[in-house]
Each structure stands twice: as C-alpha cells, then as structure tokens.
Amino acid sequence: MTDRRPQAAARKNGAMTLWQRFYLVEVLSGVGLTAAHFFRNMARHIGHSLGRPVRGSVTIQYPEEHRGYSTRIRSLHRLVRREDGSPRCVACMMCETVCPARCIYIVADEHPNPDIEKVPARFDIDLGKCVFCGYCVEACPEDAIRMDTGIFEFSSYTRRGMIYTKEDLLALEPAGPDGRPQSPIPIPATRSH
Amino acid sequence: MTAVADFGIVFGRVAFVILFVLNLGGLLTWVERKQSAIMQDRIGANRASIFGLRLFGLFHTLADALKMLSKEDFRPARADRFLYALAPFVSVFFGLVAFASIPFGPVVTAGGRSVPLQAVTLNVGVLYVFAMLSVGVYGVMMAGWSSSNNYALLGAQRAAALMISAEIAIGASIMGVIMVYGSLNLMDIAEGQGALLWGWLPKWGIITQPLAFILFVTAGIAATKRIPFDTPEGESEIIGYSVEYSGMKFGMFMMADFLETVVIAGMTTALFLGGWQVPYLLADGFHWPWGGVLSLPAALVVILQVAAFSLKVVVMIFFMMLIRWTLPRFRYDQAMRLGWLALFPLSILNVVLTGVVLLLVGGGGRG
C-alpha cells in the first residue's frame with residue numbers, strides 16, 4: 001500500500017511536491033488551522049465568562065488552581081509514629097545507605113524500651129538534595145518512612161530551609177484519600193533555621 | 001483667528017495619526033501575547049495587575065515599558081557611541097512618520113475649509129511611505145555596525161538584504177494598483193476605491209489587484225522583519241543586529257517592528273482594502289446597489305469611515321499576527337529566493353497583466 005497523498009510523498013523523499021512548493025495554499029491551510037483555533041477558543045472564552053461550562057484554554061492557573069495528581073505519587077517524606085508518638089524508625093541506616101542523593105543523616109540513640117534496639121536521635125533529610133526516587137521507602141524494614149503526604153510545595157529561600165528534622169517529619173500526616181495533603185505545609189518559604 | 005484654526009486642524013491631524021500609530025503599536029505587544037496564547041489553547045500573560053485589576057493582562061504592556069526603562073543602559077566598550085545611541089531612534093522615527101501620508105478618512109468640507117483626514121497631503125504619498133520604510137532599515141544597519149560585534153553586523157547585513165528583496169517586490173507589486181487608480185496620492189487611491197464595478201462590487205484594490213494583494217502582503221510582512229521573515233534577528237536561534245542592545249533601546253527596536261506592522265497594515269488598507277471606504281457609503285449616506293438610499297448626517301458618515309479604516313487596519317494586523325504565529329522562519333536563502341525569484345517576477349507579471357487588461361477594458365487611470 002503506497003500512500004499517494006502529497007504529504008506522505010513529501011515525507012518519503014524529503015522533497016516537497018509542486019503543490020507544496022507553490023506554498024500559498026499550504027500557508028492558507030495552516031493559517032486556517034490556527035485561525036480556527038483562535039475563533040473556537042475565543043468563543044469558548046466568551047462562553048466561559050458568561051458562565052457556560054466551557055474552557056477556552058488548557059491552562060491550569062497554578063497557584064490558584066491545582067491539577068490532580070495520582071494518589072500514589074511520591075511526595076514529601078514523613079516518619080511514621082508508634083502509638084506513643086515516638087518514631088517507628090529503628091535507626092538501622094538502611095535508607096541512609098541506599099539513598100543515591102545522600103540526603104539522609106541519621107544519628108542513632110538507644111531506645112528506652114529494651115525490646116527496641118535503637119531510635120534516631122536525629123533524622124534529617126536535605127530536600128534540596130533529595131531526588132524523590134523513593135528508595136528509602138523501599139529499603140525501610142520497619143515501614144517507618146513513607147512518601148505519602150501529598151505535599152509538593154516546600155520550596156525555600158535558603159538551603160537551610162530545605163533541611164527537615166526528625167520533629168518536622170514526625171509531625172506530618174498522610175494525604176487524604178483524594179491525594180490532598182492533610183497536614184499544613186510544615187515550613188514557610190522564608191524558614192531559615 | 002484663521003491661523004489658529006488652521007494650526008489646530010493640522011495639529012489635530014498629526015496628533016490623530018501619531019496617537020493612532022503609537023497606541024496601536026504599543027498595544028501590539030499585548031495583542032501578540034494574547035492572540036498567540038488563544039491560538040495555542042493558552043491563556044497568555046494575565047498576572048500584571050493594578051489594585052487587583054488585571055484587565056486581560058493589558059498592564060503587561062506597562063510593566064514591559066517599566067522594566068525596559070529601569071534596566072541598565074548597556075553599551076559595548078568599543079561601540080561607536082553616537083551611532084549606537086542613534087540607531088534605535090532612527091528605527092522608531094521612520095516607523096512613526098511613515099504613516100503620515102496614509103489617509104484615515106475622507107476630505108472633510110466644513111466651514112469653508114476642505115480638510116483631508118491624513119497627517120500630510122502628498123502627491124507622492126505611496127512613494128513617501130516606502131521611502132520612510134526603506135530608510136528605517138538604516139537604523140538596523142547602524143545598530144549592527146556600531147555595536148562592534150560581528151554577529152550584529154551579520155544580522156544587519158541580513159536585514160539589509162531582506163529589506164532590499166522585500167522593497168523591490170513591494171514597489172513592483174503596487175505598480176498595478178497605481179495603474180488602476182491612476183495616482184500616487186493615497187487619498188486619490190482611497191477615493192478611487194469607492195467606485196463600484198458593474199454597479200454592485202466595490203472597486204477595492206483586493207478585487208482589482210488580487211495578485212498584487214498577495215504579493216504586497218507577503219513582501220510587507222518581510223519588510224516588518226518579523227516571523228516568518230525574521231532572518232535579521234531570529235529571536236531564539238540566530239543572533240541579530242540587536243544583540244548588543246538592552247533595556248529601552250532594545251525595546252525601541254521591538255517597537256519599530258510593531259510600528260512597521262501598523263504601517264504595512266495601514267498601507268494594505270489604503271491600497272487594497274478600500275482605505276476609509278465603507279461599501280456603498282457615499283458622503284450623504286448609504287446608496288444600496290438594489291436601489292434605495294439611507295441618508296445619514298455628514299458627521300456620522302465621517303465617523304463611520306474613520307472607524308472603518310481603523311477596523312480594517314486592526315483586521316489586517318490580526319491577519320499578520322496570525323501569519324507570524326503560524327509559519328516557521330524562512331532560512332536566509334529561502335527568504336532571498338522568495339523575494340527575488342517569486343515575488344519580484346510575479347509583481348512584474350502583475351504589472352504586465354494589469355496593463356493588458358486596462359488596455360482591453362479601457363478603464364483605469366485619470367486621463
């Protein structure tokens with residue numbers, strides 16, 4: 001089956017047909033396409049401002065509007081709490097070891113409960129370095145770190161503001177069933193401590 | 001007293017043209033953003049606001065001007081100081097004055113005076129506009145040369161080459177129009193387009209000279225140095241004559257391109273779209289081709305005609321923007337080939353065809 005349409009012929013040998021080399025008609029068909037877009041979108045914009053359920057653009061006006069993300073998306077980390085509120089983490093260093101960005105810093109301490117061997121005294125994640133690969137979540141034997149807060153907006157004006165401590169991470173809640181964050185964004189952009 | 005009135009009339013005519021061109025040219029930054037956005041299913045710049053009032057992003061024009069005015073006025077160390085500073089002014093100046101001989105309304109007779117609604121009445125109005133457009137490229141060449149930057153110089157050279165190939169085609173393509181209406185005065189040409197062919201078809205240039213219209217618009221877009229003929233500058237890929245310019249001086253080059261767009265649109269209107277003519281509207285009202293007359297007061301007729309002229313210019317600008325956001329850029333050699341091997345010979349052919357038709361029909365000209 002050979003496609004004998006002019007476009008197909010042009011694609012095959014890279015040369016334009018005589019009709020295309022004439023250019024004018026091709027230009028007009030292109031202009032017709034863009035003009036049709038213009039007038040269709042313009043009509044939709046007018047309809048939209050009159051309250052009709054049409055939209056003239058595909059733009060999501062970001063700070064005011066959010067697009068929906070998958071509920072499975074990897075977002076800001078959180079440390080899972082035990083029932084008494086202490087971290088479930090046992091400071092085994094698995095996540096720190098596996099982290100390709102080396103953004104996790106753990107200082108281990110002894111847990112007061114003799115059944116639990118260790119507990120992190122410090123658990124810092126430098127989100128300025130994190131690549132959101134999710135390996136830490138995969139590696140964790142205790143299911144103590146998760147990336148299910150649904151929070152993406154934690155940019156900061158300073159590098160220090162991107163470092164999240166154990167306390168910050170423990171305070172976070174998982175996202176709701178709709179994928180929206182349940183906890184407030186923990187650190188304002190101007191955080192510098 | 002009459003001297004004051006005369007001065008007032010002249011001042012008003014010039015002020016109208018200057019304000020028309022400047023405002024339209026300034027608005028084009030907004031039109032460009034918004035029209036391209038709507039063509040591409042986007043919204044376009046809409047964040048600039050004054051007291052929470054956004055007004056469809058109109059304030060971005062203001063924000064642009066403020067940004068450009070407050071930027072550093074950079075000058076390369078080895079630049080020619082005088083020419084470097086002069087170049088953007090030359091570009092903008094000739095873009096602004098080119099509109100002067102384009103009529104935006106008819107000759108108004110009031111109080112014993114007959115006032116042509118154009119800034120300057122010139123017997124060689126057509127030539128004047130193209131002379132000014134051609135001189136405008138001197139600003140570009142001065143910019144390229146005085147920047148002491150080889151890339152800028154190459155860009156200026158491309159601009160000059162493009163301008164020449166476009167100007168030749170423009171000049172040759174309007175020959176047919178001049179032959180049909182028998183005048184170089186744009187007011188005469190606009191008046192000539194008010195006649196009717198076979199009693200019902202307005203004798204607009206686009207109807208009597210369709211080939212010339214296509215050639216003229218193509219060459220005109222090339223003369224504005226905008227996409228698809230932006231080989232002199234090539235916004236994103238190739239460096240152009242304005243590479244060493246920043247701040248408002250660069251803004252003036254951009255402004256000059258917009259002004260030239262307005263001038264070409266005005267010229268297309270005056271030559272091909274009937275100028276200020278509204279179909280079937282004569283000085284005393286509408287004379288319908290199927291008989292019947294709708295009388296209108298003279299002042300309303302003039303207002304209608306000025307409005308028609310403005311509307312035609314705006315529609316033409318819309319069309320040029322549509323082209324600009326539809327077509328990719330021509331390569332330098334492609335633009336040259338189009339100008340010299342397509343537009344120019346076709347313009348000559350158009351002149352010959354027009355001559356033959358005029359000879360056979362016996363019309364045209366003014367004696």
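We name chains A, B, ... by the order of the sequence lines, and we start the count at 1 in each one.
Residues forming a side chain to side chain contact (heavy atoms under 4.5 Å, CB included) with B:Met336 (at least two apart in sequence, or on another chain): B:Ala161, B:Leu162, B:Ser165, B:Tyr332, B:Trp340. Applying the ring pair (Phe, Tyr, Trp, His ring centres under 6.0 Å) test to B:Phe318 and every residue at least two apart in sequence or in another chain returns A:Phe38, A:Phe39. In this view, B:Phe272 and B:Phe213, B:Phe216 satisfy the ring pair (Phe, Tyr, Trp, His ring centres under 6.0 Å) rule, not counting sequence neighbours.
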At a cut-off of 3.5 Å, what donor and acceptor atoms pair up between chain B and chain A?
| from | atom 1 | to | atom 2 | distance (Å) |
| --- | --- | --- | --- | --- |
| B:Ile38 | O | A:Asn41 | ND2 | 2.6 |
| B:Asp41 | O | A:Val58 | N | 3.0 |
| B:Asp41 | OD1 | A:His37 | ND1 | 3.0 |
| B:Asp41 | OD1 | A:Asn41 | ND2 | 2.6 |
| B:Ile43 | N | A:Thr59 | OG1 | 3.3 |
| B:Asn46 | ND2 | A:Gln61 | OE1 | 3.1 |
| B:Arg47 | NH1 | A:Glu64 | OE1 | 3.3 |
| B:Arg47 | NH1 | A:Glu64 | OE2 | 3.1 |
| B:Arg47 | NH2 | A:Gln61 | OE1 | 3.0 |
| B:Arg47 | NH2 | A:Glu64 | OE1 | 3.1 |
| B:Thr326 | OG1 | A:Thr34 | OG1 | 2.7 |

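For A:Leu33, no part sits under 4.5 Å from any heavy atom of chain B, backbone or side chain. In this structure, chain A has a heavy atom under 4.5 Å from the side chain of B:Ile214, while its backbone stays farther away. Contact annotation for B:Leu327: only side-chain heavy atoms (C-beta onward) come within less than 4.5 Å of a heavy atom of chain A.
A salt bridge does not link B:Asp230 with B:Lys225: every distance from a Lys NZ or Arg NE/NH1/NH2 to an Asp or Glu carboxylate oxygen is 4.0 Å or more.
For CE of B:Met175, the number of neighbouring non-hydrogen atoms (other residues, nucleotides, ligands) closer than 6.0 Å is 12 at most.
The distance from the CG atom of B:Asp64 to the CG atom of B:Leu62 is 9.0 Å, given to the nearest 0.5 Å.
Using modelled atom types, no side-chain atom of B:Gln193 and backbone atom of B:Trp204 make a donor-acceptor pair closer than 3.5 Å.
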